[in-house]
Amino acid sequence: MKLLSLVAACALVSASVEAKTFLFPIPQEVAWSGTTAILSKNFSFQGIQNKNLQKAADRYLDLIKKERWVPVSVGTDNTTTTPTYNELQGINFQVSDNSAKVDLGVDESYTLDVPELGGFANVRAATWIGALRSLETFSQMVEAGEKETLVAHTAKINDAPTYVHRGILLDTSRNYYPVKDILRTLEAQSYNKMNVLHWHATDSQSWPLELKSLPEISKKGAYSAKEVYTAEDVQTVIKFAEERGIRIIIEIDMPAHTASIVESHPDAMICTDVFWGPYAAEPPAGQLNPVSDYAHDIVKTIAKDVSEAFPDSVYHTGGDEINTKCWDLNEDVQAYKAKNNMTTLEVWFEWTTNFLEYVKTDLKKRPMLWEDPIRDGGDYEKNTIVQTWLSPPSTYTAQGYDVVVSNFDYFYLDCGHGGWVGLDERYHSPTQTETPEDVHNYAGNAGSWCGPFKTWQRIYGYDMTKGIEKDHPGKVLGGELAMWAEQTGPTVIDGRLWPRSASAAEMYWSGSYDRAGERRTVKQSSERFYDWVYRLQARGINAEPVQPKYCATHPNACDLNDPSLEA
């Protein structure tokens, strides 16, 4: 172990700093030692046997050296530690599985021991992915020290995610996102220990995803030739995500949200020539014909192409916002209903059953779908993952389904920005004040169907366990925040996603309750959260400010209530 000069050592010992760093998301168990160790100029990693982990280690070492983090938030924890001249030489990794696939349920647990006496820190992990998560934690334990040094706070950490599915949904159809913005989103997700990007790739407005077997769909259905994700783009995204332990779950939403197919395959579509209002959730109208063999063949070809390109074991089939009035306009659907004595909803349920079976049996994928067909009366194989956006997750765990939670009242990040359809006279306020006749511009929604804007505190207040009973045959796999793109795009993506997604990321990783059963609260997390906002910004993520900087540097000064009056 190298020794600093006597002058430098005395300077370090005479200083005192916070005993803890602001870790986000908070690990399950942290035992701070109360000391710091100096990072050696020759700091290195040992025992790495996975190429993705090696790349991550190289990235994080570069990040730590560049970041030289000095906390912005002033903590209210008065315990301090005396820095030492002990030198940390590097990290030794012991990983049980270096070939684990980035997929649903992979073990991401790890232990991290940064010793008081210096030498080598030790990471033990079941998989290389868990070891990768430890690197993020370690990077947050390092701060700028005296005399151009870097110091690591010493601690023993035992950590694992509470939920196996921790994601963001990104809609790239309503507005197009260049690949570089998707990659930056993945980078930010990795900082927050998130492990899923749910790629809602296509919708009624455009079809930007190139298909091997049906290239005409994107050629005619994309906004332009420049707004298409090629096969090479897809592989770039998948590889970048895999290196960060992130899954890409592809969603091709069907049988609604498919009007963009009409440009290339009009015979597979119905009600594409009517005004959208009565027949679709939003413009333009148009859905797949549920009783057409031709349409079924196209659906299977699309799903086969996409499932081969995306290696994840889960395939998202979509299935939301069917408008049965659209199908009722079609003579073939009416004849099919009469022949089989079925309602329009039953036609939808049958279509869904057949498609889920195709995904499971032919594509060898586990199907995932929006809750809509089950909420409206359908019943499907319980291996299907249900993504909720309206109903409490307990509605479906009680039925035996595994659930991913995306409740619009908490996790829809595009909400609160008003409406977007044209010539909407409701935004004209005759008296320019709220009246019983004019609440559209006021109240909580203020013109947004899913308003208000979801603050980080609101998101953090969601209880992932509420209503979930131990005897439910299904379980909550985790959650996703949704970034729908009617009013978002590359110019606003960072600010809309961050730092609010980080608030959910802590719930998904750390849980709504700690291991002692205590509810995690905004009060307990705020100092860490506010500092994390500044750190994300320093890492090149344009996270939206959530408070004046004054508040971070003056603890409790910006609280709603006087802290001195609290019992």
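Quick note: numbers below take in every heavy atom, side chains included, and nothing from hydrogens, waters or symmetry partners. Owing to the predicted nature of the structure, the values given are computational and were not obtained by experimental measurement. Numbers for residues simply follow the sequence, beginning at 1.
- Under the 3.5 Å distance criterion, with hydrogens and angles disregarded, no donor-acceptor pair is assigned to the side chains of Asp305 and Ser307.
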Audit row: Glu486, Gln205, side-chain hydrogen bond (donor to acceptor under 3.5 Å, both in side chains) steps and yes/no = CA-CA 10 Å; Glu486 288 90 345; Gln205 291 79 9; 5.6 Å; no
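- Using modelled atom types and a 3.5 Å distance limit, the side chains of Ser512 and Lys466 yield no donor-acceptor pair.
- Side-chain contact, Asp103 with Ser313: a donor N or O sits under 3.5 Å from an acceptor N or O.
- The shortest non-hydrogen separation linking Ala295 to Ala268 is CB-O, 3.7 Å.
- In this structure, Lys239 places its NZ atom where only 12 or fewer heavy-atom neighbours from other residues, nucleotides or ligands lie under 6.0 Å away.
- For Arg244 and Phe240, the positive end sits near the middle of the six-membered ring, less than 6.0 Å away and at most 45° from its axis.
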From CA spacing to verdict: side chain to side chain contact (heavy atoms under 4.5 Å, CB included), Thr162, Met464 = CA-CA 10 Å; Thr162 301; Met464 295 287 288; over 6 Å; no
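- Looking only at atom types and distance, the side chain of Thr172 has a donor-acceptor partner in the side chain of Trp199 under 3.5 Å away.
- A perpendicular orientation is assigned to the rings of Tyr427 and His440, their planes being inclined by more than 60° (bins at 30° and 60°).
- Here the side chain of Asn445 pairs no donor or acceptor atom with the backbone of Gly447 at under 3.5 angstrom.
- One N or O on the side chain of Ser173 and one on the backbone of Ser206 form a donor-acceptor pair closer than 3.5 Å.
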inquiry  = Using salt bridge (charged side-chain N to carboxylate O under 4.0 Å, His left out), reason through Asp328 and Lys337 one step at a time and then give a plain yes or no.
reply    = CA-CA 10 Å; Asp328 287 339; Lys337 287 166 55 180; 3.1 Å; yes
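- Annotation: side chain of Thr388 is not in contact with side chain of Ser406 (no heavy-atom distance under 4.5 Å).
- Using modelled atom types, no side-chain atom of Thr324 and backbone atom of Leu345 make a donor-acceptor pair closer than 3.5 Å.
- Among the candidates Ile322, Asn323, Leu329, the single residue satisfying the side chain to side chain contact (heavy atoms under 4.5 Å, CB included) test with Lys325 is Asn323.
- Trp456 and Glu506 share no donor-acceptor pair across their side chains, judged by distance under 3.5 Å alone.
- Pairing each heavy atom of Ser391 with each of Thr395, the nearest pair is CB-OG1, 4.0 Å.
- Counting only heavy atoms from C-beta outward, the side chains of His198 and Ile168 never approach each other to under 4.5 Å.
- The CD atom of Glu243 sits 10.0 Å away from atom CD of Glu187, with the distance rounded to the nearest 0.5 Å.
- Of the possible donor and acceptor atoms, none in the side chain of Asp494 sits under 3.5 Å from a partner among the backbone N and O of Ile541.
- Put simply, CZ on Phe349 and CG on Asp376 are 5.5 Å apart, with the number rounded to the nearest 0.5 Å.
- For the residue pair Thr230 / Asp233, a side-chain donor-acceptor distance below 3.5 Å is found, with atom types taken as modelled.
- The distance between the ring centers of Tyr229 and Tyr176 falls below 6.0 angstrom.
- For Tyr191 and Trp532, the gap between ring centers reaches or exceeds 6.0 Å.
- At most 12 non-hydrogen atoms from other residues, nucleotides or ligands lie less than 6.0 angstrom from CG of Asn341.
- The ring of Tyr462 has its center closer than 6.0 angstrom to the ring center of Phe411.
- Remark: the backbone N or O of Gly319 is not paired with any side-chain donor or acceptor of Asp372 at under 3.5 angstrom.
- Proximity of Ile250 to Val234: side-chain heavy atoms (C-beta onward) are nowhere separated by under 4.5 Å.
- Remark: side-chain polar atoms of His265 are not paired, donor with acceptor, to backbone N or O of Asp267 under 3.5 angstrom.
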request  = Determine, stepwise, if the pair Glu108 / Lys193 fulfils salt bridge (charged side-chain N to carboxylate O under 4.0 Å, His left out).
outcome  = CA-CA 10 Å; Glu108 298 175 82; Lys193 296 191 175 79; over 6 Å; no
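- Remark: the backbone N or O of Gly419 is not paired with any side-chain donor or acceptor of Ser448 at under 3.5 angstrom.
- Looking at Pro266 and Thr272, their side chains never come closer than 4.5 Å, going by heavy atoms from C-beta outward.
- Residues Leu390 and Arg375 meet the side-chain proximity criterion, which asks for heavy atoms closer than 4.5 Å.
- For the atom pair Trp498 CH2 and Asn542 CG, the distance stands at 13.0 Å (nearest 0.5 Å).
- Checking side-chain atoms of Trp128 against main-chain N and O of Ala100 turns up a donor-acceptor pair under 3.5 Å.
- Between Arg539 and Ser139, the side chains place a donor N or O and an acceptor N or O closer than 3.5 Å (distance only, hydrogens not considered).
- Taking every heavy atom of both residues into account, Asp320 and Ala256 meet most closely at O-CB, 3.7 Å.
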task = Would you sort out whether Leu481 and Leu497 count as a side chain to side chain contact (heavy atoms under 4.5 Å, CB included), showing the intermediate values?
result = CA-CA 9 Å; Leu481 303 111; Leu497 281 175; 5.7 Å; no
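- For the pair Arg184 and Tyr177, the NZ or CZ position fails the cation-pi test of under 6.0 Å to the six-membered ring centre and within 45 degrees of the ring normal.
- Under the 3.5 Å distance criterion, the side-chain polar atoms of Arg247 are left unmatched by any main-chain donor or acceptor of Asp312.
- Under 4.0 Å is where a charged nitrogen must lie from a carboxylate oxygen, and between Lys360 and Glu357 at least one such pair does.
- Using a distance-only test at 3.5 Å, with no hydrogens or angles considered, no donor-acceptor pair links the side chain of Ser109 to the main chain of Ala160.
- From Thr465, atom OG1 reaches atom CE of Met507 across 10.5 Å, with rounding to the nearest 0.5 Å.
- Expressed to the nearest 0.5 Å, how far CD1 of Ile261 lies from CD of Glu216 amounts to 10.5 Å.
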request  = Please report the C-alpha distance between Ile270 and Asp332 in whole Å, then the side-chain angles of each, then the deciding distance to 0.1 Å, and finally whether the side chain to side chain contact (heavy atoms under 4.5 Å, CB included) criterion is met.
outcome  = CA-CA 10 Å; Ile270 56 178; Asp332 292 339; over 6 Å; no
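- With no hydrogens or angles considered, no side-chain donor-acceptor pair links Glu350 and Asn354 at under 3.5 Å.
- Proximity of Val106 to Asn195: side-chain heavy atoms (C-beta onward) are nowhere separated by under 4.5 Å.
- Classification of Arg174 and Asp414 as a salt-bridged pair fails, no side-chain N sitting under 4.0 Å from a carboxylate O.
- No more than 12 heavy-atom neighbours from other residues, nucleotides or ligands sit within 6.0 angstrom of NZ on Lys51.
- Residues Tyr460 and Phe529 have side chains not in contact (no heavy-atom distance under 4.5 Å, counting atoms from C-beta outward).
- The CD1 atom of Ile374 sits 6.5 Å away from atom CD of Gln399, with the distance rounded to the nearest 0.5 Å.
- Counting only heavy atoms from C-beta outward, the side chains of Val333 and Pro290 approach each other to under 4.5 Å.
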request  = Kindly indicate, with the supporting measurements, whether the criterion side chain to side chain contact (heavy atoms under 4.5 Å, CB included) is fulfilled by Glu282 and Trp420.
outcome  = CA-CA 10 Å; Glu282 60 184 45; Trp420 57 273; 3.7 Å; yes
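- Between Trp389 and Tyr412, the ring-plane angle classifies as parallel under the 30° and 60° cut-offs.
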